[in-house]
Amino acid sequence: MLLLSGPHQVNSKPHILPDPQQQQAIEHVHGPMLVVAGAGTGKTTVLIRRIASLIRDGHARPDEIIALTYTDNAAAQMRDRLGAELGKREVQGLQVCTFHAYCNELLIAADRKFGVLDDKQLWIFLRKNLRELKLNHFVRAANVSKFLDDLLDFIRRCHDELVTPEAYRNYVCRLEKGELPIPRVTKSKDIDEISDEEALGRCREIAFVFETVERMLRERNLGTFSHMILGANDLLANNPEVLAKARGRAKFILVDEFQDANFAQIEVLGKIAGGNSETQNIFAVGDPDQGIYRFRGASSEAFDLFLQRFPDAKLVSLTRNRRSTTPILKSAYAVIDKNPEISSQSGAPYRREPLLSARDEQERELASKRALVEAVLVTSAFMEATDLVTTLLDRRKRSRCQWKDIAILYRIHTHRDEVANELARNNVPFSIEAMDVLDTPEVRDLLACLSAVFMPGDSASLLRVVALRQFTVDPNALRSALKSLPRDSNAGVLGVLPIIPGGPEVLGSIDKARASTSGLKANSALMSLARQFQVPRNSAVNAFLEFAQKWQEFPLTESGSPTEFLEYLEYFREARGTVPLAMTEEENSVKLMTVHGAKGLEYEHVFVLRATKPSFPAAYRESLIDFPRELRNSTSFSDFDDKTLCEHEERRLFYVAMTRARDTLTIYAPFGRGEKDKTPPGYLRELLKARELKPVLRERNCREFQTAIFAEEEVLTPASRLSEWVGMPPASDLASTLSASAIDNYKLCPLRFKLDRDWRIPGDVSAALQYGASMHRVLRTYYDSIKLGRAKTEPELLQLFRDDLRSEAIADPYQHDLYEQQGIAQLKEFLAANESHTEVLHTEEYFNIKIGATTLVGRIDRMDRAGDGRVVIVDYKTGKPKSQEDADESLQLSLYALAASEKWGYIPERLEFHNLDGNTLISTVRSAIQLEEARIEVEKIAVKIAEGKFDPKIGYHCNSCAYRGICPKTEKRVPEIAIAVEQVN
DNA sequence: ACAATGAGGGTTTTT
DNA sequence: CCCTCATTGT
């Protein structure tokens, strides 16, 4: 057991003597003080000891002290440490809580409690009530919720800056009078495309949305987390009694992680701290170089705002780092020192100083032997993973540390995937922070069961259930039954199960489950289904069950029924919601987490992944709606634009990552692509160039790897039966008949192509396709009517369109209405521009031609007669307008040209995309060579199909893929160790 | 200095 | 699909 008291014990804080700066902060009593505490300089210790001495020295009773943090965890930890320092009884009455909890309690005490919606809940609430927002500029029929994120981002920003809807409306009025410059309300690159009038219209729309959102919330007595701060600020401003009481309760205020404060929070602090510097006993601790929550409203100038608000504040800075070795601190300083210092108009009393390694000062003889910071340049993510695991095993052996002393940090979750696989392959115990359980096979199984029982029409889910091990359906029988359904049938998997061996048993189980879960709420139904369908209760499933439980308590959840839950999840997915799995703390395993998740933590050995632009630092992404300076309440004038501020924040984030390391720091990055400079763009390039870092930084290339590793992968990941099914070679030659769209589909994702063609699992038809089909039919009718000499009138066509679109039954009524409006506008424009048209030869004409062994089929929207017995081929585009480049490169048009000559003997004069959006014609031509290239392309794809190449291609399109729940490639496993622990519990 | 081109990535997270 | 950035050639 003695062995367990590793090096961490040495660092355990209470026994270290404070240095003079710490002492000064601890002993401070009256008036405002700002403690700038660099990474690893013991800031929380200072905070705790100061509270202890305030109480011990009789300056305050515990119930006159308030300590504020930003997370529940931090608050709990501080409470524990205070209890240990002072004794449980002594801390009675001492208020240690998060900022939000503090504000919320003020509101509850004033009888202003409201139902709390988090970001996703708010998004979904508005998504369901989009009509009420009366959007005009910020809505698209094809993607109804496209701008919701942008609008909510803007509103959140207003909250953080204490800008009310009235203030924004007032701002728009001033814009209208020309008193203020027009703000940016679109991406910079499109700024020339919108007029001032359009921009003003957008501003008015934003004003209306802001007002409406606030009203909708108020009417239902709902609010967001920002409303806690806003409400408290309001209450303190307008209610002298509440203010007096709050001040009496807060004679001494201590704030941890102050760099995470936003303007609204600092306003609240200002109010409870009172007006004169004698009684402003406010004590804030933080590190401006570790502010990494700007996107959450933390003002990058919190320290500056503090000094403005409390000009008499004393300033202390802590620079003795008790965590890391000198090489780590020097390298980290080189990174962060490229950021400007905090601006501070109020006399600039603070300068950034290099952190000094207290350990190296104390242990002189060790100082010279410290490991250098290591930069490893790799050729691929795979090499990053293999080299990292080898290096990690070596580090552990040499330092004889435990698994839990090692952390692997990354910018975004997906960066960890290869490393996680590689660790699993090498049987290294590891755990992942905040892994999304929605992509785990077990949760997918459970969700599929829920769908199968309550929404049995969902074929993809039903297929997943059918493939569970306990059932005995023959996949070949199922597949051929599906394939022999008539094209227009919507029977799906549900329709064929009764007639295939083993199918009725599945249906029986589903019926039984439906009966036994009838009337249950989501959580209980899920638990029951997990039992009945033998879904293992691992940590992922438990996290999901917990999510269902919490959802039942959400303010806007109505009955809590499984059906309502399924509907919610659909929106939740659209809102890109995740269900994170908390990492078990005490476990002896290597920790994988984002740098954000690592803030405040430390590890002996730290690995940083993908340190290359634009991975880490991440590429800048411009907001759609700029927050104009004229709207700002905080008057801190740093002259930096948004992009620069983001760059600063990325740099701080990298600094946070580096300063987590105690003994060794290893940074991975792929080689740069340049001819001259092979170093990775970003921080590593800077570091490797810096002369002064030569003695502390080592560069090496990745080790060679053994090819044998590839083969092992399949063995170690036991494939589910579904992935076996999905991997089966097709029952027929899928290359024998192809179309332009099938080829596009194959290029997008070969697996998707196979599932469409070989299994014919019906998925949801997108509204865009439904609209397109409708428009095509209307136009066909129009030209046919002309041919018959009885041209339909505009009102007739519009009515036809309305009826036709209604028969398409677009699921979302709001989206249906938007498409109806759009279609009417486009048809009117089309007809207006189309008075005298040349002779139409064909409309919606089918063809099939031979290309090699493939029969290429298709349907040409329209062919017109051109001069010299030639033709014009027209294809309508109902989606985003196609460009000239699209037309020039379109395989579809090439194939139509081939078909025109082969089937009808026509010579195409030109090929046209007719964009119905904007009613523009894009013309192109094809040379004989280009046509030959198109043939070759088709043959190439046909060969791949014939060879059975159907590996899924993962990418952005996966979000809208009907088979997302059954695709094995997007499945993520919970690390084995987490499962093992769960079973023990 | 600048545009053209190609590749890689699609956040981060707490209340 | 859309956007940003690195790189390289003009």
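In the text below, chain A, chain B and the rest are named by the order of the sequence lines, each starting its count at 1.
- Side-chain proximity of Ile412(A) to dT14(B), dG9(B), dT13(B): nearest is dG9(B).
- Counting atom types as modelled, Arg673(A) pairs no side-chain N or O with a base atom of dT7(C) as donor and acceptor under 3.5 Å.
- For Phe654(A) and Phe616(A), the distance between ring centers is under 6.0 angstrom.
- Residue Arg576(A) has its side chain nearest to dT11(B) when only dT11(B), dG9(B), dC5(C) are considered.
- Here His415(A) does not reach the OP1 or OP2 of dG9(B): none of its side-chain N or O atoms lies under 4.0 Å away.
- Taking the six-membered ring where the residue is Trp, the centroids of Tyr70(A) and His100(A) are separated by 6.0 Å or more.
- OP1 and OP2 of dT11(B) both lie 4.0 Å or more from every side-chain N or O belonging to Thr594(A).
- Comparing atom distances between the Lys613(A) side chain and each of dC5(C), dT13(B), dT11(B) picks out dC5(C) as nearest.
- Dashed line: the shortest gap from a side-chain N or O of Lys643(A) to OP1 or OP2 of dC5(C) is under 4.0 Å.
- By the 5.5 Å and 30° criteria, Tyr956(A) is not stacked with the base of dG9(B).
- Of the listed nucleotides (dT13(B), dG10(B), dT7(C)), dG10(B) has the atom at the smallest distance from the side chain of Arg621(A).
- In the set dG10(B), dT11(B), dG9(B), dG9(B) carries the atom at the smallest distance from any side-chain atom of Ser615(A).
- One atom, NZ of Lys953(A), and another, C1' of dC1(C), lie 13 Å apart when rounded to the nearest Å.
- Ion pair Glu553(A)/Lys550(A) not flagged as a salt bridge, since none of the NZ, NE, NH1 or NH2 atoms sits closer than 4.0 Å to an Asp/Glu carboxylate oxygen.
- With ring centers used as reference points, Phe225(A) lies 6.0 Å or more from Phe99(A).
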